[in-house]
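Below, each value reflects all heavy atoms present in this structure, side chains not excepted, and no hydrogens, waters or symmetry copies. Order of listing sets the numbers, starting from 1, for every ligand and every atom in it.
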Amino acid sequence: MKKINKGNFKKTLSTFTTGITVVATNHNSILYGKTINSFSSLSLSPPLVLFSLDKKSSKLNIFKDSKTVSINILSKNQEFISNNFAKKNPNWNEIEYDILKNENPIIKNCVSNLDCKIIDKLKKGDHIIFICKVLQVLNNTKLKPLVYYNSKYF
Ligand SMILES: Cc1cc2nc3c(=O)[nH]c(=O)nc-3n(C[C@H](O)[C@H](O)[C@H](O)COP(=O)(O)O)c2cc1C
């Protein structure tokens, strides 16, 4: 074992394979979305999930003010969507989406979309953990997921 430092910590985390999500919300009729791979299931009953957002994120206050979000689990042909929503100012014009009753967007052709209510926020280290109750889901089981490992898409 090696003593932990920033380099080997980041390297170690990059060896954990994840899917990729876009967490999205509607704030004062403007759509926001962010590429997030810190998404995780949390509880089956009640149905809870979580994701964490860097405190330095330019959109932190938007998500902190939001009561609801959609979580969009990307499919294998949506690498461009992951790259788009990792930018400071993503372009929604190139994205196909529907709007839910709560006015949040859900991205089309994802493996799954989750309609969520934010029920708690926890400050931990340099991130804020958002705990969300899942209200509705849409699954597209014919599609394969976009996979992320060692900073590369698979
Ligand atoms: C594959 C991938 C996963 C990411 N996961 C997270 C995450 O879980 N939490 C987070 O705060 N940022 C994550 N990011 C970074 C954000 O998408 C975004 O690039 C970052 O917040 C900078 O945006 P800003 O310029 O608006 O501050 C991820 C980026 C990529 C490409």
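- Numbered from 1 in the order shown, with element, the atoms of ligand 1 that lie under 4.0 Å from a heavy atom of Ile20 read 1 (C).
- For the pair Thr35 and Ile20, the minimum side-chain heavy-atom distance is below 4.5 Å.
- Residues forming a side-chain contact (heavy atoms from CB on, under 4.5 Å) with Ser40 (at least two apart in sequence, or on another chain): Leu50.
- Regarding atom 25 (O) of ligand 1, its nearest protein heavy-atom neighbour is Lys88 CE, 3.4 Å.
- Of the N or O atoms in Lys87, none lie within a sub-3.5 Å distance of an N or O in ligand 1.
- Ranking the protein heavy atoms by distance from atom 8 (O) of ligand 1 puts Ser38 OG, 2.7 Å first.
- Between Lys76 and Val147, the closest side-chain pair of non-hydrogen atoms is not below 4.5 Å.
- In this structure, Phe39 and Phe130 have side chains that are not in contact, with every pair of non-hydrogen atoms separated by 4.5 Å or more.
- The shortest N or O to N or O distance between Leu53 and ligand 1 is not under 3.5 Å.
- For the pair Ser57 and Lys34, the minimum side-chain heavy-atom distance is below 4.5 Å.
- Among the atoms of Ser52, some N or O lies under 3.5 angstrom from an N or O of ligand 1.
- Protein heavy atom at the shortest distance from atom 24 (P) of ligand 1 is Ser58 OG, 3.3 Å.
- Checked by distance only, ligand 1 and Asp54 come closer than 3.5 Å through their nitrogen or oxygen atoms.
- In this structure, the side chains of Lys64 and Lys121 come closer than 4.5 Å at one or more pairs of heavy atoms.
- In summary, the aromatic rings of Phe63 and Tyr32 are positioned with their centroids too far apart to meet the 6.0 Å limit.
- Among Asn84, Asp126, Thr35, the residue whose heavy atom lies closest to atom 4 (C) of ligand 1 is Thr35.
- Between Phe154 and Tyr149, the angle of the ring planes lies from 30° to 60°, which puts this pair in the tilted group.
- Of the listed residues (Val22, Leu146, Thr21, Asn37), the one carrying the non-hydrogen atom nearest atom 3 (C) of ligand 1 is Asn37.
- Counting heavy atoms closer than 4.0 Å to ligand 1, residue Lys34 contributes side-chain atoms (C-beta onward) but none from N, CA, C or O.
- Atom 19 (O) of ligand 1 has as its closest protein heavy atom Ala86 O, 2.7 Å.
- Applying the 4.0 Å criterion to heavy atoms of Tyr148 picks out, from ligand 1, the atoms 1 (C).
- When only non-hydrogen protein atoms are considered, atom 7 (C) of ligand 1 lies nearest to Ile36 CD1, 3.5 Å.
- Within the structure, the salt bridge (charged side-chain N to carboxylate O under 4.0 Å, His left out) test picks out the following pairs touching residues 92-102 (sequence neighbours left out): Asp98-Lys108.
- Residues Ile107 and Ile81 meet the side-chain proximity criterion, which asks for heavy atoms closer than 4.5 Å.
- Ligand 1 has no N or O atom lying under 3.5 Å from any N or O atom of Tyr153, backbone or side chain.
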